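Taking it in order: structure first as C-alpha cells, then the write-up.
Quick caveat: nothing in here was measured; it's all calculated off a predicted structure. Numbers here are sequence positions counted from 1.
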Amino acid sequence: MNSSFKNLFLTLLWVFVLAVFFAQVEIQIEGANGWGGSLPTWRIKNHWLLDLFWGGRAMTGYHAWVFPFIAIFFHFPIIWMSQWSWKIQARIAACIIIFWITEDCLWFVMNPAYGISSFNPVLVPWHRHWLWGTPIDYWIGGVVAILLLCYSYKKEKVR
C-alpha cells in the first residue's frame with residue numbers, strides 16, 4: 001500500500017473514531033434536544049452573521065467553547081512535533097471539517113431519540129438548509145475538506 005494512501009486511511013479512521021466518541025458525549029449531554037436545545041447556556045437565535053457563518057443555527061455558549069476546543073485539540077500535533085506548514089494546516093483543517101460532519105451525522109444515527117429515519121428537515125429544525133437529504137453544510141464542508149486533503153497530500157514537483 002502506498003504510504004500516502006495508508007496515512008490518509010489511518011488519518012480518516014482516527015477522525016472517525018474521535019467523531020464516534022464525541023457524538024456519544026454529545027448524546028449524553030443533549031439527549032433528544034439537539035444543538036444544545038435544553039442546555040443551561042446563553043443563546044443568540046437571530047443575527048445576520050449566524051446565517052452567514054453558522055448555517056442559520058443559534059449560537060450557544062456551549063458551541064462557543066466546544067468548537068474552538070476541538071480546533072485546538074486537532075492542532076496539538078503541531079505543538080508536540082514543533083512543525084508547521086501550509087500543508088499540515090490544510091490537513092488539520094480538513095480533519096476538523098470531516099470530524100464535525102461525521103460527528104453530527106453520528107449524533108443522529110446513534111441517538112436513541114432519533115435514528116437515521118428521523119434525519120430530515122422536519123424533525124431537525126436546527127439544520128435550516130438541506131440538499132439531497134442532508135444538511136447543505138455537509139456538502140459544502142465535504143468539498144472543502146476534499147480540496148484541502150488533496151492539497152495536503154500533493155507531492156512537490158522536483159525541478
Side-chain angles (χ1 to χ4, degrees), residues 2 4-27 29-37 39 43-75 77 85-155:
N2 171 320
S4 289
F5 180 77
K6 181 179 176 184
N7 181 268
L8 174 62
F9 174 77
L10 291 173
T11 298
L12 294 177
L13 178 64
W14 193 254
V15 170
F16 179 80
V17 169
L18 290 170
V20 167
F21 276 82
F22 198 76
Q24 278 297 330
V25 168
E26 283 207 317
I27 289 166
I29 291 170
E30 297 174 325
N33 300 301
W35 203 255
L39 296 181
R43 183 176 322 277
I44 301 170
K45 290 185 179 181
N46 297 308
H47 193 280
W48 67 272
L49 288 173
L50 295 174
D51 292 330
L52 187 61
F53 295 110
W54 215 239
R57 291 180 295 278
M59 178 57 152
T60 69
Y62 170 74
H63 291 99
W65 285 100
V66 81
F67 273 77
F69 170 78
I70 293 298
I72 291 167
F73 179 80
F74 271 86
H75 282 85
S85 71
W86 285 111
K87 288 188 175 197
I88 291 171
Q89 186 61 53
R91 193 169 302 171
I92 290 170
C95 287
I96 293 168
I97 293 166
I98 293 165
F99 169 84
W100 282 120
I101 293 169
T102 305
E103 186 277 339
D104 191 69
C105 185
L106 288 172
W107 187 92
F108 293 99
V109 171
M110 297 188 303
N111 193 327
Y114 278 87
I116 198 70
S117 60
S118 299
F119 188 53
N120 63 64
V122 174
L123 298 174
V124 185
W126 57 91
H127 280 297
R128 294 186 181 175
H129 310 289
W130 292 69
L131 179 66
W132 298 317
T134 61
I136 198 163
D137 305 12
Y138 290 16
W139 295 103
I140 295 168
V143 168
V144 170
I146 288 168
L147 292 172
L148 288 168
L149 282 174
C150 288
Y151 168 72
S152 78
Y153 280 98
K154 185 178 177 183
K155 299 286 185 206

When rounded to the nearest 0.5 angstrom, what is the spacing between [atom1] in [X] and [atom2] in [Y]?
X	Y	atom1	atom2	answer
Ile97	Ile92	CD1	CD1	12.0 Å
Arg91	Ile98	CZ	CD1	11.0 Å
Leu18	Phe99	CG	CZ	6.5 Å
Phe9	Trp14	CZ	CH2	13.0 Å
Trp86	Leu148	CH2	CG	11.5 Å
His63	Phe69	NE2	CZ	14.5 Å

Is the closest side-chain heavy-atom distance between [X] and [Y] below 4.5 Å?
X	Y	result
Arg57	Asp137	yes
Ile96	His75	yes
His47	Met59	no
Leu106	Glu103	no
Leu39	Thr60	no
Phe21	Val17	yes
Cys150	Ile146	yes
Ile88	Ser152	no

Between [X] and [Y], is the gap from one ring center to the other below 6.0 Å?
X	Y	result
Trp100	Phe67	yes
Trp107	Tyr114	yes
Trp130	Phe119	yes

Answer yes or no: is there a donor N or O on one side and an acceptor on the other, between the side chain of [X] and the main chain of [Y], under 3.5 Å?
X	Y	answer
Asn111	Ala32	no
Tyr138	Cys105	yes
Lys154	Leu149	no

(request) Could you check Tyr153 against Thr11 for side chain to side chain contact (heavy atoms under 4.5 Å, CB included), going step by step and ending with a plain yes or no? (result) CA-CA 12 Å; Tyr153 280 98; Thr11 298; 3.9 Å; yes
(request) Using side chain to side chain contact (heavy atoms under 4.5 Å, CB included) as the criterion, point out the one residue from Val124, Ile27, Ile116 that pairs with Phe108. (result)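 Among Val124, Ile27, Ile116, the one that satisfies the side chain to side chain contact (heavy atoms under 4.5 Å, CB included) with Phe108 is Val124.
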(message) If we count only N and O atoms by modelled type, under 3.5 Å, do the side chains of Glu26 and Tyr62 hold a donor and an acceptor together?
(response)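 Glu26 vs Tyr62: donor-acceptor pair found between side chains.
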(request) Using a cut-off of 6.0 Å, state whether more than 12 heavy atoms not belonging to Phe16 lie near its atom CZ. (result)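 12 or below, so no.
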